[in-house]
There are 2 protein chains.
Amino acid sequence: MRQTVQKPDCAAIACQDCGLYQLCLPMGLNSADTVLLDHYVKRKRTIKRGQMLYRVGEQFSYAYAIRSGSVKTSVSTEDGRQQITGFHIPGELLGLNAIDENRHNCEAVALETTSVCEISVNCFDELARQIPAVHFQMLRIMSKEIRHNQEQMLLLGKKNAEERLATYLLTLSRRFAMRNYSPTQFNLSMSRSDIGSYLGIAEETVCRILARFQEEGVIVSERRLVVLKDVKRLGSIARESRPATARVIPLLRPSHATFLNGAL
Amino acid sequence: MRQTVQKPDCAAIACQDCGLYQLCLPMGLNSADTVLLDHYVKRKRTIKRGQMLYRVGEQFSYAYAIRSGSVKTSVSTEDGRQQITGFHIPGELLGLNAIDENRHNCEAVALETTSVCEISVNCFDELARQIPAVHFQMLRIMSKEIRHNQEQMLLLGKKNAEERLATYLLTLSRRFAMRNYSPTQFNLSMSRSDIGSYLGIAEETVCRILARFQEEGVIVSERRLVVLKDVKRLGSIARESRPATARVIPLLRPSHATFLNGAL
DNA sequence: AGAAAACCTTGACGCGCGTCAACCTTGTTG
DNA sequence: CAACAAGGTTGACGCGCGTCAAGGTTTTCT
């Protein structure tokens, strides 16, 4: 996004001109390859808050790269309890995990107005054959997702509610930092209920603990706005597994953002 | 395993002669490709119960295919709480999720005497280029792991202890069924404490609920042996997300087994 | 603008399950 | 075979957090 020019509809922008190419599938490709990749990517589709990108059981026809906005993915029990498995932001690729069964096994819903690029599944074979780096990048993307899921299982299996919230806020903070947004002040695009569902705790518990953090001067939070006042203390509450060696790779303009709505 | 012949050390067996090739990396390859793949696979390494296959932070040099025995993988908080993220059995490929960071982000420990094939990471590039189907198979393997992790997050985030145990037993049962072992009678290779760590509940709770299931006539369990007496009831306790359409693909000899020790 | 819906917050209450402890059984080792 | 270690089981107790409820605030829709 944030190309300098032309049509109000940015649909025409090519991969090599997209501000996200350093985060997205083209990452690591040389420019000739990027041009080639561009041939296979269809842009774009825009969906509104609450609309579905895909649902469970649906034929796996496209993978989606998020250009702006944000998306939640979730799985459910048959009696309707829903577990949010991830929040996804610009530059991230969605839906690859349907490869195995050829149909989607989770559902993806927009948290706000969101625009995505579609990549047809039929292209993947061709694509990976013509551009070996794409193959590698697909593996990296899935590998990263597995790592995230493992951290999340650790959180869900072994941490109490306070640790979960602290971990959550710090993870968000780092994701913002990596995109050169303020790591200490941001807007959430997801509701308290979404946060609770993601962290495996009740909505009310989310509220209560945010309130407690605020009383203790660790954060300021009002509705969707969050300001981290004492990151160090937050870290000691979270008791993280890794020593938080977040390599901050400056990519984009500094500023502070909503949960990346129209951010890039 | 279970080749009919030769050396007591089965190290010499080739991929195309391995009883597991329908489950493992070679799945879907034609026989010429399998011969080629065979060139890259080093077999074998044997580790004893409690020994590590790899540890967190270790350089990612090999992926491992399990030939016999079983392995648990886990991640930990810095203060030592450990979450088991999976139990792995013959035919499964381990360690691929280290691709992204080039070092292992979980640890793998043998639950019993276990033998594995090593596949050098340096081969992957070459391999995937020469045999496109390997590329696809790697994606499928990771995709399957992500799907498993999602189900596990649902379990950890939304299910109570009883549902967790019931889900666990049924999942085991299906894995055995898929390998033509008895789905209603099997031995576990993991301790109660491991089960608890995997399911996000205390060891004592595992015992108590198994005892309760037994009182209710749903199972019989004594130490590591489990017999499922009422699978239907177990299913209704578990309240699963999918209608349990386990495609049972008969692969191997019928029998009943320990948690796959030397099973195949 | 007004109504309705969605979202957020706070309080009261109770139960599911973690924790601690004691004891038993099985496997391991010198 | 004795001694120990590891694993498994059961009971007692209490607290963290889910659930229910009520009310406030913001956003969406007509």
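Note that the structure is predicted; figures quoted are calculated from it, not measured. Just so it is clear: chains get the letters A, B, ... in the order the sequence lines come, proteins before strands, and each one is counted from 1.
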Anything under 30° is parallel, anything over 60° is perpendicular, the rest tilted; go ahead and classify B:Y198 against B:H148. parallel

Short N-O contact, A:R45 and A:E118, less than 4.0 angstrom: yes

So, is A:T205 near the phosphate of D:dG18, with a side-chain N or O under 4.0 Å from OP1 or OP2? yes

Of the listed nucleotides C:dC8, D:dC17, C:dT19, the one nearest the side chain of A:C207: C:dC8

Of all the choices, D:dA21, D:dT9, D:dT10, which nucleotide is nearest to the side chain of B:R192 once you look at every atom? D:dT9

Taken to the nearest whole Å, CG/B:L188 to P/D:dG7 is 14 Å

B:K158 atom NZ is separated from C:dC17 atom P, nearest whole Å, by 15 Å

Under-4.0 Å side-chain N/O to phosphate OP1/OP2 contact, B:R212 with D:dT10: no

How many whole angstroms separate atom NZ of A:K159 from atom C1' of C:dG18? 19 Å

Does D:dG8 have its OP1 or OP2 closer than 4.0 Å to a side-chain nitrogen or oxygen of B:R224? yes

To the nearest Å, how far apart are B:I201 CD1 and D:dG8 P? 14 Å

Selection from C:dT25, C:dC7, D:dT19 that lies nearest to any side-chain heavy atom of B:R223: C:dT25

Which one, D:dG18, D:dC17, D:dG7, comes nearest to the side chain of A:N160? D:dC17

Check the side chains of A:S189 and A:S70 for a donor-acceptor pair under 3.5 angstrom, ignoring hydrogens and angles. yes

State whether the distance check finds a donor on one side and an acceptor on the other, under 3.5 Å, for side chain A:R208 versus base D:dT19. yes

Checking contacts here: which listed nucleotide (D:dC17, D:dT10, D:dT9) is nearest the side-chain heavy atoms of B:E203? D:dT9

Distance, rounded to the nearest Å, where A:E112 contributes CD and D:dT28 contributes P: 12 Å

Between B:F213 (CZ) and D:dT9 (C1'), how many Å, whole number? 17 Å

Checking salt bridge (charged side-chain N to carboxylate O under 4.0 Å, His left out) between A:E162 and each of A:R239, A:R212, A:R208, which is the one that passes? A:R212

Please determine if A:R81 and A:D79 form a salt bridge, counting it only when a charged side-chain N lies under 4.0 Å from a carboxylate O. yes

